[in-house]
J.: 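Following this message is one structure expressed as C-alpha cells.
Atoms considered below: every heavy atom in the structure, side chains included; atoms not considered: hydrogens, waters and symmetry mates. Proteins get letters first, then strands, A, B, ... in listed order; numbering begins at 1 in each.
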Amino acid sequence: NAGVTQTPKFRVLKTGQSMTLLCAQDMNHEYMYWYRQDPGMGLRLIHYSVGEGTTAKGEVPDGYNVSRLKKQNFLLGLESAAPSQTSVYFCASSGEETQYFGPGTRLLVL
Amino acid sequence: RKEVEQDPGPFNVPEGATVAFNCTYSNSASQSFFWYRQDCRKEPKLLMSVYSSGNEDGRFTAQLNRASQYISLLIRDSKLSDSATYLCVVNIPTGNTPLVFGKGTRLSVIA
C-alpha cells in the first residue's frame, strides 16, 4: 500500500516547455487534488476532482490543466511553463475529508 | 478577513515546555477542522481532527470555539521531534476550495 505517489520528484524546465506531473493513489479515493506551495503563501489549490472523469478549478487554476481518466490517477499539465510556476507541487487524495498527500514534485522553471 | 489565519511564528520553546497555537476562520458555516503537521521539505500529514467537544491524543489537545471561530492546538511536554510547521485546516462549504489550509505556524523545540 503505497498511498499517494508522485512523479517526477524534481524537474527543471525552460520557459515555454511543457510537462505533465503524475499522481497515483491506491486507496480507492474518489477525491483528488493538486496544490502548489510557495514560501510565505501556504498551500493553494490548483484543480481538484470529485471522481473519475470530473475536474474542477481551485483557487489558482490559470496556466494548468488536469485530467482524471482513471480513478487512481490525476494528471497536472503545464502547457507553456513560466518562471512564476516554479514551486513545490503536492497531490492529495481523500475519501470523506481527510486528505493524504504525496511527497511532492519540486519544479524549477528557468 | 482571510479565510484561515495563523500566527506564523516561529515559536522557539525549550524541551518539556507547553506551547499553544491558535487559528481563526472566517466562514461561520465551516463544519470540519483539522491540524496537519509538515516537516521541512516534506508533505503535510494529518495530526488530528478537531471535534466540537475537544479531543486529546497523547500530548496533543485540540479545541474548537465556534462562537469565536477559532481552533487551538496545545502541545504538552514538547519534544525535539515536535519541531515542524503546524497547519490549521478548515472546510469551506461554499466556493471552489473544499479545504482551506492556513499558512502554518512554525515550531522549533530547543534542547
Side-chain angles (χ1 to χ4, degrees), chain A residues 2-7 9-10 21 23-25 27 29-51 54-62 64 66 74 87-108, chain B residues 1-10 21 23-27 29-52 55 57 60 62 64 71 84-107:
Chain A
V4 181
T5 57
Q6 293 183 231
T7 53
K9 288 184 169 52
F10 179 71
L21 283 67
C23 175
Q25 53 98 1
M27 295 175 281
H29 284 163
E30 289 294 335
Y31 300 87
M32 297 187 74
Y33 314 83
W34 275 107
Y35 293 90
R36 60 178 290 175
Q37 188 173 39
D38 303 290
M41 297 295 294
L43 280 163
R44 292 183 292 170
L45 183 65
I46 304 171
H47 286 280
Y48 65 101
S49 168
V50 300
T54 74
T55 63
K57 293 181 179 179
E59 181 186 356
V60 289
D62 294 342
Y64 305 95
V66 288
F74 196 29
S87 188
V88 180
Y89 292 86
F90 287 105
C91 174
S93 72
S94 70
E96 292 295 322
E97 276 190 324
T98 302
Q99 294 187 12
Y100 298 88
F101 285 80
T105 294
R106 283 169 171 73
L107 176 65
L108 174 62
Chain B
R1 183 178 175 184
K2 294 180 182 176
E3 290 182 303
V4 177
E5 289 198 72
Q6 297 182 248
D7 182 339
F21 307 136
C23 165
T24 58
Y25 61 95
S26 61
N27 193 318
S30 294
Q31 295 293 324
S32 303
F33 310 90
F34 309 89
W35 283 103
Y36 276 68
R37 169 192 170 130
Q38 186 173 24
D39 293 295
C40 186
R41 301 180 70 81
K42 298 286 189 181
E43 72 272 23
K45 293 183 179 179
L46 178 67
L47 178 65
M48 59 198 304
S49 301
V50 185
Y51 303 121
S52 295
N55 47 301
D57 183 2
F60 298 84
L64 167 65
I71 67 175
T85 296
Y86 291 84
L87 308 174
C88 171
V89 186
V90 177
N91 86 308
I92 304 296
T94 58
N96 58 0
T97 305
L99 288 181
V100 175
F101 286 74
K103 294 181 181 179
T105 298
R106 192 152 59 91
L107 171 66

J.: Mind ranking B:Val100, B:Leu87, B:Leu46 by heavy-atom pairs under 4.5 Å with chain A and telling me who comes out on top?
T.: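 Winner by heavy-atom pair count: B:Leu46.
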J.: Which class fits the ring pair A:Tyr31 and A:Tyr33: parallel under 30°, tilted 30 to 60°, perpendicular over 60°?
T.: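 Ring orientation, 0 to 90° scale: parallel.
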J.: B:Gln38 versus chain A, heavy atoms under 4.5 Å apart: side chain, backbone, both or neither?
T.: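 Only the side chain of B:Gln38 comes within 4.5 Å of chain A.
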J.: Where on A:Tyr35 is there a heavy atom nearer than 4.5 Å to chain B: the side chain, the backbone, both, or neither?
T.: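 Side chain only.
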J.: I'd like to know if B:Asp39 pairs up with B:Arg41 as an ion pair, taking the criterion as any Lys NZ or Arg NE/NH1/NH2 lying under 4.0 Å from an Asp or Glu carboxylate oxygen.
T.: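 B:Arg41 and B:Asp39: not salt-bridged.
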J.: Ignoring hydrogens and geometry, is there a side-chain-to-backbone donor-acceptor pair from B:Glu43 to A:Gly104 under 3.5 Å?
T.: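 Flag not set: sc B:Glu43 to bb A:Gly104 has no pair under 3.5 Å.
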J.: Which one of B:Gly102, B:Gly104, B:Pro44 has the most heavy-atom pairs closer than 4.5 Å to chain A?
T.: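 When all of B:Gly102, B:Gly104, B:Pro44 are compared, B:Pro44 has the most.
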J.: Once you measure the plane-to-plane angle for A:Phe90 and A:Phe101, does it fall in the parallel (<30°), tilted (30-60°) or perpendicular (>60°) bin?
T.: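 If you compare the ring of A:Phe90 with that of A:Phe101, the planes turn out perpendicular.
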J.: Counting only heavy atoms closer than 4.5 Å, note whether A:Gln37 contacts chain B via side chain, backbone, both or neither.
T.: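 When you check distances to chain B, only side chain atoms of A:Gln37 fall under 4.5 Å.
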J.: Test your reading of the model: is there a side-chain donor-acceptor pair from B:Ser30 to the backbone of B:Ile92, 3.5 Å cut-off?
T.: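 Flag not set: sc B:Ser30 to bb B:Ile92 has no pair under 3.5 Å.
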J.: Below 4.5 Å from any heavy atom of chain B, which atoms of A:Arg44 appear? Answer side chain, backbone, both or neither.
T.: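 Neither part.
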